[in-house]
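Reviewing the structure listed below.
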Amino acid sequence: MLCTRPDVSFALSVTSSDASVSYPFPYTDRRHQHQLRYSATQYALSLRCGSGRRAAAAGALLPDRVTPFSYGVDEDADDHPHEECGLVGVAGDPDASSLCYLGLQKLQHRGEEGAGIVAVGGDGKLKSVTGLGLVADAFGDPSRLASLPGPAAIGHVRYSTAGAAASLRNVQPFLAGYRLGQVAVAHNGNLVNYQALRNKLEARGSIFNTSSDTEVILHLIATSLSRPLLARVCDACERLAGAYSLLFLTADKMFAVRDPHGFRPLVMGRRRNGAVVFASETCALDLIDATYEREVQPGEVVVVDRRDMSVASACLHIYFSLPNSVVFSHAVHERRTAFGRTLAEESPAPGADVVIPVPDSGFYAALGFARASGLEFQQGLIRWHYSGRSFIQPTQAIRDLAVKLKLAPVRGVIAGKSVVVVDDSLVRGTTSSKIVRLLRDAGAREVHMRIASPPVVGSCLYGIDTPSEGELISNRMDLEGVRREIGSDSLAFLSLGKLHGIYGDEAGDYCDACFSRKYPVLPTLADPAAEPEE
């Protein structure tokens, strides 16, 4: 269930002596039948994946036209992939919406285009407050947060994938009413069969209010014939393809769902008062004094019933998470340090004097590189966090000045030295070329670029904002061509084989499609839209 792959089996079950109801959910492959069993017992509801590994990737990337991203080349944009969206959910605390607000602040790095919270009031009604910009902007008026009292809430910060970025109607969580009540949803990820599902739903009369792929999920729940709501959620998720970590909120329950591939992280914790907390990263748990318990497992549905607070259980480290988070059961800073250490062993820089990171995500990889190389580690670039985005840049000279506003070289660290610069990724090459020029202007004798990930050669289909393949510099050029393009004295990437070696037996459990072009779930081409009526 929740998956169309015949090599992965799921069992959503409750073992109880007094009740058991089964719902059959066949896969696309009709040779496999799977049962959903539900009963009211407190802890036995579980959705388990029968395969410890994800399937081998299936084929090459389909044409760009099936990718629901809209890319505009912004020469001043940060040339790194960007995580899309962060989730926080709190159930069983009288200050749930305030805790969500604080958690979203900690997850601000996952999305800066909009934020929202949906809370359950004492009357059982769900209320939504959303806004554009940062969390502090969306809730700048204290009365907005004060209007969300109640013991449960879910929150979302947005970085757009499918859907217009600057539209308030696309800011989540989405709240909808249907014949069985109200339901809110917050989604981190990207659905690769979104357009196909939307076309089918519209052909059957569904009316969409947003351009976000998340709205499809609400329509699938509303049109499902399954009962109870848990079965509706599972029925809807069975039809989704791609990446999704989801939080659902109703009058008396909260659901946390993670796709069978585990593309996007989702963790669970508890506060001292027993409140259950879900978040995209553990750093949000730490801020609101929630103790980390575990990850929501790939293919799992976790149900929190607020009436008795019973809990039933029905490819990342490189770029996005904060270093103080635990993601996929591993400390982010430890993995990034290991990337840098392995990179130094694989591609040393003989004769170099100093190692510097590209702030902020290159810090721990550079530290690992320096330790393994026996070189001095210094902060040779200082990042200015308050410059925002610059849109009026008519000449290359003006664009280069804008870079100096964001990254300032420390001349005493750089001048006259052979410098190793460690970054987490190299995507279009625009940022790297500017950094090389910046360091040379600051007096660097040599600049050696080291990238703590393999070359990015494919676009992500599962919720990470990457450019089209034509814009990916490593897809267009060989290593020497990329080196010449960015202007460094040498260039090396962490190889895919070494990256797999760091993860060991777990390597097959992670998606590496952007490095290998081996996509675990291919997009579904949408059927032609129905002809308008005369």
Side-chain angles (χ1 to χ4, degrees), residues 76-83 109 316-323 332-333 335-344 346-349 352 354-373 375 377-385 403-404 406-410 413-414 418-440 442 444 446-457 464-467 471-474 477 479 482-496 498-499 502 514-515:
D76 186 50
D78 181 23
D79 185 27
H80 294 78
H82 292 275
E83 177 63 90
H109 60 286
L316 183 58
H317 291 101
I318 292 174
Y319 307 112
F320 311 109
S321 306
L322 290 183
V332 173
H333 78 280
R335 282 297 161 98
R336 288 180 175 167
T337 303
F339 297 158
R341 183 172 60 249
T342 305
L343 180 60
E346 184 179 28
S347 302
V354 64
V355 178
I356 68 170
V358 175
D360 294 310
S361 57
F363 181 90
Y364 282 99
L367 188 61
F369 191 100
R371 287 174 176 174
S373 304
L375 295 173
F377 173 84
Q378 288 281 359
Q379 286 278 53
L381 291 168
I382 304 300
R383 186 178 184 88
W384 179 254
H385 290 272
V403 174
K404 292 182 179 180
K406 292 185 176 182
L407 290 173
V410 182
V413 172
I414 296 165
S418 176
V419 181
V420 178
V421 187
V422 180
D423 203 354
D424 64 356
S425 61
L426 195 158
V427 182
R428 286 187 293 143
T430 52
T431 296
S432 297
S433 61
K434 294 171 184 176
I435 289 173
V436 171
R437 288 199 300 271
L438 196 66
L439 294 174
R440 293 199 189 283
E446 295 176 342
V447 179
H448 302 278
M449 287 295 300
R450 293 296 182 267
I451 309 300
S453 64
V456 178
V457 294
I464 305 302
D465 184 25
T466 49
E471 297 177 73
L472 300 175
I473 190 169
S474 293
M477 303 178 182
L479 182 66
V482 175
R483 185 200 66 76
R484 288 196 300 267
E485 183 71 15
I486 67 173
S488 60
D489 293 283
S490 72
L491 170 66
F493 294 84
L494 179 65
S495 69
L496 185 56
K498 292 293 185 181
L499 179 64
I502 294 171
C514 58
F515 305 135

4.5 Å side-chain heavy-atom contact, [X] and [Y]:
X      : Y      : result
Ser488 : His448 : no
Ile473 : Pro455 : no
Val358 : Val421 : yes
Ile451 : Leu491 : yes
Leu367 : Val422 : no

- Intermediate values then yes/no, side chain to side chain contact (heavy atoms under 4.5 Å, CB included), Asp424 and Phe339: CA-CA 9 Å; Asp424 64 356; Phe339 297 158; over 6 Å; no
- Item | side-chain hydrogen bond (donor to acceptor under 3.5 Å, both in side chains), paired with Arg450, selected from Ser347, Ser373, Ser490 |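 Considering Ser347, Ser373, Ser490, a side-chain hydrogen bond (donor to acceptor under 3.5 Å, both in side chains) with Arg450 is found only for Ser490.
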Please round to the nearest 0.5 Å and tell me the distance separating atom [atom1] of [X] and atom [atom2] of [Y].
X      : Y      : atom1 : atom2 : result
Phe493 : Ser425 : CZ    : OG    : 9.0 Å
Thr431 : Ile486 : OG1   : CD1   : 11.0 Å
Phe369 : Ile356 : CZ    : CD1   : 12.0 Å
Leu426 : Ile435 : CG    : CD1   : 9.0 Å
Leu472 : Met477 : CG    : CE    : 12.0 Å

- Counting distance only, does the side-chain N/O of Ser432 pair as donor-acceptor with the main-chain N or O of Gly429 below 3.5 Å?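 No: the side chain of Ser432 does not pair with the backbone of Gly429.
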- Test side chain to side chain contact (heavy atoms under 4.5 Å, CB included) applied to Thr342 - qualifying residues, sequence neighbours left out: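 For Thr342, the residues satisfying side chain to side chain contact (heavy atoms under 4.5 Å, CB included) (neighbours in sequence not counted) are Leu494, Lys498, Ile502.
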- Task: Run the numbers on Gln378 and Val410 for side chain to side chain contact (heavy atoms under 4.5 Å, CB included), then give the verdict.
- Result: CA-CA 10 Å; Gln378 288 281 359; Val410 182; over 6 Å; no
- Taking all non-hydrogen atoms of both residues into account, name the closest pair between Val420 and Ala352 and its distance.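 It is CG2-CB, 3.5 Å.
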- Query: Can you name the closest pair of heavy atoms from Pro409 and Ile414 and give their distance?
  - Reply: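 The answer is CB-CD1, 3.8 Å.
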- Task: Before giving the answer on side chain to side chain contact (heavy atoms under 4.5 Å, CB included), spell out for Gln379 and Phe363 the whole-Å C-alpha distance, their side-chain angles and the decisive distance to 0.1 Å.
- Result: CA-CA 9 Å; Gln379 286 278 53; Phe363 181 90; 3.8 Å; yes
- Message: Could you walk me through whether Ser474 and Val456 satisfy the side chain to side chain contact (heavy atoms under 4.5 Å, CB included) test, starting with their C-alpha distance in whole Å, then the side-chain angles of each, then the deciding distance to 0.1 Å, before giving a yes or no?
- Response: CA-CA 6 Å; Ser474 293; Val456 178; 5.8 Å; no
- Message: Can you confirm whether Arg440 is buried at CZ, in the sense that more than 12 heavy atoms of other residues, nucleotides or ligands lie under 6.0 Å from that atom?
- Response: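 Yes - once you tally the heavy atoms of other residues, nucleotides and ligands closer than 6.0 Å, there are more than 12.
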